[in-house]
Each structure stands twice: as C-alpha cells, then as structure tokens.
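Since the model is a prediction, treat every value here as computed from it, not as a measurement. Below, read A as the first sequence line, B as the second, and so on, with proteins coming before strands; counting in each chain starts at 1.
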Amino acid sequence: MRWSRLFIPTLREAPADAEVVSHKFLLRAGYVRQLAAGFYCYLYLAKRSLLKIERIVREEMDAIGAQEIYTPEVHPAELWQKSGRWEVMGDDLFRLKDRWGRSLCLGMTEEEVMTWIAQGELRSYKQLPQIWYQIQPKFRDELRPKSGLMRVRRFTMKDSYTFDIDRAGLDAAYDKHYGAYCRIFNRCGLEFLPVEAHSGAMGGSESHEFMVPAEAGEDWVIECAASGYRASLEKAVTRAREPETPDPEGTGSPEAFHTPGRKTIEEVAEFDGSPATAHIKTLVLVAQGKPLMALLRGDHSLSETKLQTAVGTDDVRPAHAHEIGEWLGAAAGSLGPVGVANMRILADAALEGRRNMIAGANKDNYHLRNVTPGRDFEARFADIREAEDGDTDIASGEPVRRRKAIEVGHIFKLGRKYAEALGLRVLDKNGKEVTPIMGSYGIGLERVLTGAIEQNHDDRGMALPVSIAPFETVVTPVNVKNEEQRKAAETVYQALRNEGVDVLYDDRLERAGVKFKDAELIGIPFRVTVGKRIADGAVDLSERATGESVGVKLEEVASVLRRRIEAAGPRA
RNA sequence: CGGGGCGUGGCGCAGUCCGGUAGCGCGCCUGCUUUGGGAGCAGGAAGCCGGGGGUUCGAAUCCCUCCGCCCCGACCA
C-alpha cells in the first residue's frame with residue numbers, strides 16, 4: 001500500500017486523556033479514535049492488526065476441529081432469564097426493548113444462545129463432541145471503562161463452546177483449547193502465563209486464565225520461576241514468610257494489657273515492640289446473614305475469593321460497626337477470638353501451630369498477650385490469605401513473584417449449568433436421556449493487541465511482533481524528489497510484493513526524519529531505507545525492535561527480508 | 001455511585017482568581033528554499049471558549065443547571 005493514499009493520522013503529542021502506554025500509542029499512531037467512553041473506532045492500522053490476530057485465532061481454532069459459526073449480537077431476554085443471568089449480570093448487561101416492548105440484551109458471552117442451538121438440534125451422543133466458535137463483538141456496560149482498549153464496553157471476542165457426552169470428553173476439549181491458546185499467543189508474539197484461575201463460588205470446576213505480564217494490567221499473577229508454579233492471585237496457594245521472631249516460650253494464659261488509642265496492628269505493634277507477625281488480625285464479616293470471624297496473621301491480607309470458597313458462598317460482606325459492637329462488645333481495633341462463642345471462627349492456615357500471639361481483647365483499648373490458637377479459642381483453619389511477594393512456593397520452597405498482568409484469554413469447564421437450564425438432552429448409547437457437559441473459552445482480541453504493545457514498545461512508539469503488525473515492512477525512500485531513489489524504492493516495493501511480503505510504501509513527500517519517526521511510532525517491524533547508498537546499489541534494512549541496521553544489495557533485499565520475516569515464526 | 005480532575009481551532013496548552021476586541025507551540029493550506037532523524041522563511045485558513053439559563057452596559061472569565069471525558073475507589077471475563 002502507498003502511504004500517501006492511506007489515512008494514518010499520527011499525532012506528535014498524545015491526547016491528555018491517555019494514561020497507559022498502549023492507549024497513548026494507539027492514539028498517537030493513528031490506530032484508534034475514541035467515540036465515547038469505552039467505545040472505540042478502529043482505523044486502518046488497528047483493523048489490519050486485529051484482522052491478523054483474528055486470522056491466527058481462526059487457524060488455530062480450525063486446527064482443533066472447531067467450527068466457526070455466527071450468532072446475533074442481540075438476544076431475547078427469555079434465554080437469559082432461563083439461565084438466571086438476566087438477574088445475575090445486573091447493570092453490566094446492556095438491555096434494550098424493541099418496538100413491541102419486548103426485552104432484549106446485547107450479548108456479553110453466548111452460552112445461552114449456543115446452548116439454545118444445541119438444545120434444538122442435538123439428539124444423540126453420536127453427534128458429540130461438538131466445538132463451535134465465533135469471532136464477534138461483545139458488549140459489557142462496564143462500570144468504569146479505562147486504559148484505552150484494555151477495558152471497554154464493546155470488544156471483539158473469540159468465544160467457543162464445547163458439548164461432550166461425559167467428563168472425559170470435556171477434559172479432552174479443554175486440553176485442546178489449552179493447547180490452541182498457547183499456540184495462538186505464541187504466534188502473536190506475546191509473553192504469557194497460563195494460570196490456574198478461580199472458578200467461582202458456585203460449583204465451577206477447572207479454569208485457566210491466560211495472562212500477559214504488563215504494568216498496565218489489572219490482574220495479578222503469582223509466579224515461581226524455579227518450579228514453574230503460576231496462579232492468579234485469587235487462587236494462588238503459597239507458603240507464608242516465616243514470622244520475624246519466634247513465638248515466645250511459655251504456657252501462660254491470655255493476659256490483657258492496656259493499649260490506649262492503638263487500633264491498627266501497626267500501632268499496637270509499635271506500642272509494645274512486637275512484630276506484626278506476632279499479631280492476630282481479626283475481621284468480622286457477615287456470610288449469608290450470619291456473623292463470621294476471620295483471623296489472619298497481622299501482616300497478611302484477606303483474600304475475599306478464598307474466603308468465599310472456604311465458606312461456600314459469595315454472599316459475604318464486612319460487618320457494620322454497630323453489628324460488631326453488638327456481637328463483640330468492642331469496636332474494630334480491639335477485636336479478637338478469645339471467648340467468642342456467638343459466631344463461626346475461620347483462621348488462616350498461617351496461624352496454625354502458632355503460640356502466644358497478640359490479639360484484641362474485645363474490650364476497647366485492650367489487647368491480649370499469650371493467645372494460642374487451638375488452646376485459647378477454637379477455629380477452623382483454611383487458606384484465606386492473599387499470596388504476596390516474599391512467600392515461597394509450596395513445591396520448591398523457592399520465592400514467588402507477584403506480577404501485574406492483562407487477562408487475554410480464559411478457558412472454563414462449565415459443567416451442565418446451561419444445558420440443564422435450557423433443557424439440552426441427548427440419548428446415550430443405552431437409549432437413556434443424558435445432559436451433555438459443556439465448556440466455554442474466550443479470547444479478547446483487542447487485549448492481545450494491547451498486551452503486545454505493552455510488552456513491545458520504547459519511547460518512540462510500538463515495536464509490534466511481525467505476525468500481528470499492520471504491515472511487515474515499510475519501504476522508505478529518503479527523498480522522493482530524487483528520481484534515482486524514487487525509482488529504486490518503487491522497485492524494492494514491487495519486489496517485496498512479489499515475494500509475498502506485506503509491505504507499506506512510504507511514498508509521501510515528507511522529509512526523511514518525519515517518515516522515520518512515523519514508521520517507528522506505528523511499529524512496523526522492518527524498514528528498508530532507500531537513500532544515497534543506492535548509488536552503490538545498496539539499501540539499508542533495519543529492525544524496529546532492536547534498532548539494528550544492515551546494508552543489503554538492492555536485488556537481494558526482498559529475499560533477505562522474506563527469510564527474516566519467516567524466521568520470526570508463522571505469519572497470520 | 002463516593003472522591004479528585006478536566007472540557008478554549010486537529011493535538012498540546014495559556015488566558016478564568018481580579019469580567020473589557022480569544023492567544024501560544026505543533027499540525028493544516030499556498031509559495032520559495034531545503035532533503036538520511038519530527039527543516040527555514042513568507043503569506044494564509046481554521047474557534048457559538050461543552051450545552052442551556054442567569055447576573056451585567058459587557059461573560060471563556062461570576063452564579064445556577066445539565067452533559068461529556070479522564071483518574072482513584074467500590075465492582076468485574
């Protein structure tokens with residue numbers, strides 16, 4: 001394509017609204033323009049890149065036997081009412097009414113519709129397994145769209161759904177997707193981590209998220225480089241750092257001491273010279289209407305999702321101040337488990353075996369010394385702690401690292417929830433009606449692009465992987481008014497096209513500096529510069545990511561470049 | 001929804017306190033010069049100062065109100 005005829009509105013300065021790197025560059029490089037909060041127009045370059053990502057996704061999905069279909073983005077409310085998600089999704093679901101007053105919604109995922117199709121058509125186990133997928137816009141009325149294409153209200157999702165007769169079939173479908181996702185993200189040039197994910201308080205089974213480590217990410221992953229252990233923060237199980245000082249010896253019973261005005265662990269610890277690790281942090285919650293006490297080591301944080309899993313419900317909220325006073329006779333800041341009989345007590349596993357700790361006395365401005373779990377109070381132990389830097393891996397004993405990441409994909413063993421809700425049944429080989437078991441799997445295409453930019457950029461712009469860059473190379477004549485250079489550039493352009501290279505020809509009547517800056521901004525992986533050296537029959541071939549540049553003979557540049565592009569891996 | 005910030009040519013900003021002819025840099029258009037890292041000179045176009053209402057002789061500026069956008073929080077594939 002000839003740049004002079006394209007619409008690539010680059011900006012010297014980033015619009016003030018953009019904060020994260022990928023957002024700034026997407027705007028500056030003329031990839032996108034924002035229509036409204038969470039809604040973006042994809043201009044030529046973004047669309048080209050997204051199409052390449054889409055092609056990679058399609059190839060890998062087809063390769064595992066998935067069949068591409070397409071369903072409407074608008075769904076009748078009844079389907080969502082049947083699955084229960086009409087209520088569950090609350091304000092996240094875009095809802096609308098048609099002219100007859102019928103309720104509709106915009107699809108955020110398609111479990112209902114896919115299951116509806118299956119329910120209407122699948123009759124026999126012989127028709128299973130099935131893998132159906134599509135690539136289409138999804139809508140979520142996000143509370144707070146942000147960070148450019150990271151969190152938006154309309155995005156492109158590859159979503160697939162599998163139907164199997166039994167657990168083993170689902171496992172196989174899941175494994176196929178796991179493999180396909182790894183190949184997809186590898187081909188897109190991303191550094192990614194598949195992590196075990198939390199599968200929800202209500203009975204989901206296995207689930208993995210595909211995380212792209214990046215500063216702009218909104219999720220956290222825990223990773224142990226030594227053992228290869230990795231999990232989402234919600235799910236990660238690690239060994240806590242040892243307490244700073246050993247627990248005091250002795251078998252003394254709990255003994256109150258005055259802690260005037262000291263409420264936080266930090267304040268009490270400083271007051272009596274003890275480390276935070278010697279304290280018991282006491283939280284009062286309400287689970288399904290009933291009070292619940294959660295205990296943690298003083299320096300640890302509660303993981304809400306782990307707590308939900310431990311108590312078997314996601315209906316958990318912090319207790320109000322008046323409830324705490326009523327139940328325990330003291331205010332937050334002086335709470336503890338000793339003598340508490342009117343609520344369940346759940347203690348984090350890191351408290352098990354500890355002795356002579358410090359806890360609140362349930363009397364304002366007093367704490368207790370010599371509190372020993374199991375002796376001075378009864379509690380159920382469970383892992384309810386959020387993993388953190390400084391923890392060690394259970395298996396290897398090596399340290400773990402906590403990293404920010406972007407979730408680009410999620411695979412999920414759904415079970416029979418939707419099949420049951422929508423009445424999907426087939427006959428098994430014994431002629432008996434059974435409910436197929438489902439899986440669902442998603443990839444956010446814009447997040448693949450965003451992640452690639454976050455991972456591959458410098459202060460001058462993007463440096464996209466060759467597989468998903470809008471063009472593989474750019475041919476830049478330094479001076480188009482110089483007839484020799486212009487002709488040579490034209491020759492190179494045609495030669496590259498003949499070689500099957502996806503090439504952008506910067507034939508604009510601009511000075512060299514402007515063209516170089518633009519090419520670097522928009523992130524084209526290779527550049528062929530046609531300048532003065534053409535007098536010796538040579539051009540320069542430079543690589544965006546490394547900045548390396550080599551002289552190449554004019555007649556060889558096409559084949560050299562093709563080899564270098566192929567060396568970068570399979571293309572879209 | 002709670003907290004914070006911002007809406008002024010395409011982009012970045014000043015002007016707003018303290019009312020008095022709307023400015024700067026970049027970009028854009030024309031011409032000449034220049035041409036391997038965002039050129040120089042000259043000339044030019046482009047703004048209901050987010051919308052509505054009010055105060056005033058006079059409002060970008062003061063008051064009321066609505067809208068939009070960004071950030072933090074709660075929430076969430």
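Aromatic ring centres of A:Tyr161 and A:Tyr133: separated by at least 6.0 Å. Aromatic pair A:Tyr44/A:Phe7: ring centres not closer than 6.0 Å. Remark: aromatic rings of A:Tyr441 and A:Phe210 are distant, center separation not under 6.0 Å.
Taking for each of A:Arg153 and A:His410 the nucleotide of RNA chain B with the nearest heavy atom, the 5'-most of the two is the partner of A:Arg153.
Look at CG on A:Leu233: it is 15 Å from P on B:C76, rounded to the nearest Å. What separates CG of A:Asp507 from P of B:U35 is a distance of 21 Å, to the nearest Å. Between A:Lys158 atom NZ and B:A77 atom P there is a gap of 18 Å when expressed in whole angstrom units. In this structure, A:Arg511 atom CZ and B:A39 atom C1' are separated by 4 Å, rounded to whole Å. Taking atom CZ of A:Arg140 as the reference point, atom P of B:C75 lies 15 Å away to the nearest angstrom. As rounded to whole Å, 13 Å separates atom C1' of B:C71 from atom CD of A:Gln34. The distance from atom CZ of A:Arg151 to atom C1' of B:A77 is 8 Å, rounded to the nearest whole Å.
If you check every strand for non-hydrogen atoms under 4.0 Å, A:Ser232 touches nothing. Using a 4.0 Å heavy-atom cutoff across all strands shown, A:Asp540 reaches at least one base atom of the nucleic acid. Among the heavy atoms of the strands lying under 4.0 Å from A:Gly531 is at least one base atom, whether or not backbone atoms are also near. In this structure, A:Thr476 reaches neither bases nor backbone, as no heavy-atom distance under 4.0 Å exists between it and the strands shown. Looking at heavy-atom distances under 4.0 Å, A:Ala14 makes contact with sugar-phosphate atoms alone, never a base. Counting any heavy atom pair closer than 4.0 Å across all strands shown, A:Met157 reaches a base atom. Among the protein residues, A:Lys515 comes within range of no part of the nucleic acid, since none of its heavy atoms lies under 4.0 Å from any strand. Across all strands shown, A:Phe210 has no heavy atoms under 4.0 Å from either base or sugar-phosphate atoms. At the heavy-atom level, A:Pro477 lies nowhere under 4.0 Å from the strands shown.
Judged by distance alone, with hydrogens and angles left aside, A:Asp518 brings a side-chain donor or acceptor within reach of the base of B:G38, the pair sitting under 3.5 Å. Evaluation of atom-type donor-acceptor distances gives no pair under 3.5 Å for the side chain of A:Arg144 against the base of B:G2. In the interface, the side chain of A:Arg527 is paired with the base of B:G37 through a donor and an acceptor atom under 3.5 Å apart.
A distance of about 26 Å separates the C1' atoms of B:C26 and B:C71, rounded to the whole Å. Nucleotides B:C13 and B:U56 place their P atoms 36 Å apart, quoted to the nearest Å. The gap from the P atom of B:C62 to that of B:A42 amounts to 37 Å, rounded to the nearest Å. When the P atom is compared between B:C17 and B:U61, the two are found 9 Å apart, to the nearest whole Å. For the P atom pair drawn from B:U30 and B:C66, the interatomic distance equals 47 Å after rounding to whole Å.
Within the structure, a side-chain polar atom (N or O) of A:Lys532 is placed less than 4.0 Å from OP1 or OP2 of B:G36. The phosphate of B:C26 (OP1 or OP2) has no side-chain N or O of A:Arg12 nearer than 4.0 angstrom. Not one side-chain nitrogen or oxygen of A:Gln485 sits closer than 4.0 Å to the OP1 or OP2 atom of B:U35.
Counting only N and O atoms by type, the side chains of A:Glu234 and A:Ser303 include no donor and acceptor under 3.5 Å apart. With no hydrogens or angles considered, no side-chain donor-acceptor pair links A:Tyr181 and A:Glu60 at under 3.5 Å. A donor atom on one side chain and an acceptor atom on the other are not found under 3.5 Å apart for A:Trp132 and A:Gln134.
Under the 4.5 Å side-chain criterion, counting only non-hydrogen atoms from C-beta, A:Asp540 is not in contact with A:Val528.
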